[in-house]
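Shown next, in structure tokens, is the structure this report addresses.
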Amino acid sequence: MPTSRTTARTELRIEDPRALRALAHPARQRIISELYAGETLTATEAAKLVGLTPSATSYHLRALEKWGVAVRDAPGDDGRERPWRSAADSITVLPTAHRRAGLDASRTSVHAWLGDLEDGLERLTASVAQGREQGMTSRGRLWLTPDEERQLRERLGDAVADLRGRTRRDHPAGATPYDVFALILPADES
């Protein structure tokens, strides 16, 4: 059930092509997905998710911190583990970063960014085959002005933001995690 937002959403906008390259690492992509889903993770917790050692995962978290993607949260009760959280509510890589990075680096980044989409589609087809009605796919074509495309991106972002904030630790009973991909892709006009 949607909740009304009381504070403005924050968006991290990536413009630097070097940041684009730094974000393309698969472990960093998984960490970003978790942090931007509202999770607060220690290096040890993140290490379990990405299959690396806490030391290696700390390296990746510091790299994300360097580019302003992750920030250190207040220490836990014992002060030994330093949790990390997202630096904003959402993250957007701007077209200028892709242009400045070049075609090959941009392509690598986009494929890394959406690397778990195929796994998600496999889970969806398995769910449907088992008779469960979970998830959806939808596809269509819209003819939009640049202003309408921007408005559509904002409306989709608002819809997701209204439900954001439920985490692995504090979701309502019976809630199931869903990965949400919103793609607005230029269509082939031929």
Return the minimal non-hydrogen interatomic distance between [X] and [Y], and the atom names on each side.
X	Y	result
Tyr36	Ala88	CE2-O, 3.3 Å
Pro75	Pro83	CA-CD, 3.9 Å
Ala101	Ser106	CB-N, 4.5 Å
Ala22	Trp67	CB-NE1, 3.4 Å
Ser86	Val71	O-CG2, 3.8 Å
Trp84	Ala43	CD1-N, 4.5 Å

Just verifying a value: how many Å separate [X] [atom1] and [Y] [atom2], rounded to the nearest 0.5 Å?
X	Y	atom1	atom2	value
Arg62	Glu65	CZ	CD	8.5 Å
Ile31	Glu34	CD1	CD	9.5 Å
Leu20	Leu94	CG	CG	10.5 Å
Arg30	Leu35	CZ	CG	11.0 Å
Arg28	Ser33	CZ	OG	14.0 Å
Leu152	Glu148	CG	CD	9.5 Å

Please tell me if the side chains of [X] and [Y] come closer than 4.5 Å, counting only heavy atoms from C-beta onward.
X	Y	value
Thr137	Leu124	yes
Leu61	Arg82	no
Leu52	His60	yes
Ser109	His98	yes

With a 6.0 Å cut-off (strictly less than), is the heavy-atom count around [atom1] of [X], excluding the residue itself, greater than 12?
X	atom1	answer
Gln130	CD	yes
Tyr59	OH	no
Arg155	CZ	no
Arg18	CZ	no

Determine whether a donor-acceptor pair (N or O, by modelled atom type, separation under 3.5 Å) exists between the side chain of [X] and the backbone of [Y].
X	Y	answer
Thr10	Asp89	yes
Gln29	Leu23	yes
Thr57	Thr53	yes

Hydrophobic clusters here meaning ILVMFWY residues chained together by side-chain heavy-atom distances under 4.5 Å, can you tell me if [X] and [Y] are in one?
X	Y	answer
Leu117	Ile32	yes
Leu185	Leu121	yes
Leu156	Leu142	yes

Next item on the list: Give a yes-or-no answer on whether the side chains of Thr92 and Glu11 include a donor-acceptor pair shorter than 3.5 Å.
Entry: yes

Note to self: Check this for me, if you would: do Arg100 and Asp16 make a salt bridge, where the nitrogen-to-carboxylate-oxygen distance has to be below 4.0 angstrom?
What the structure shows: no

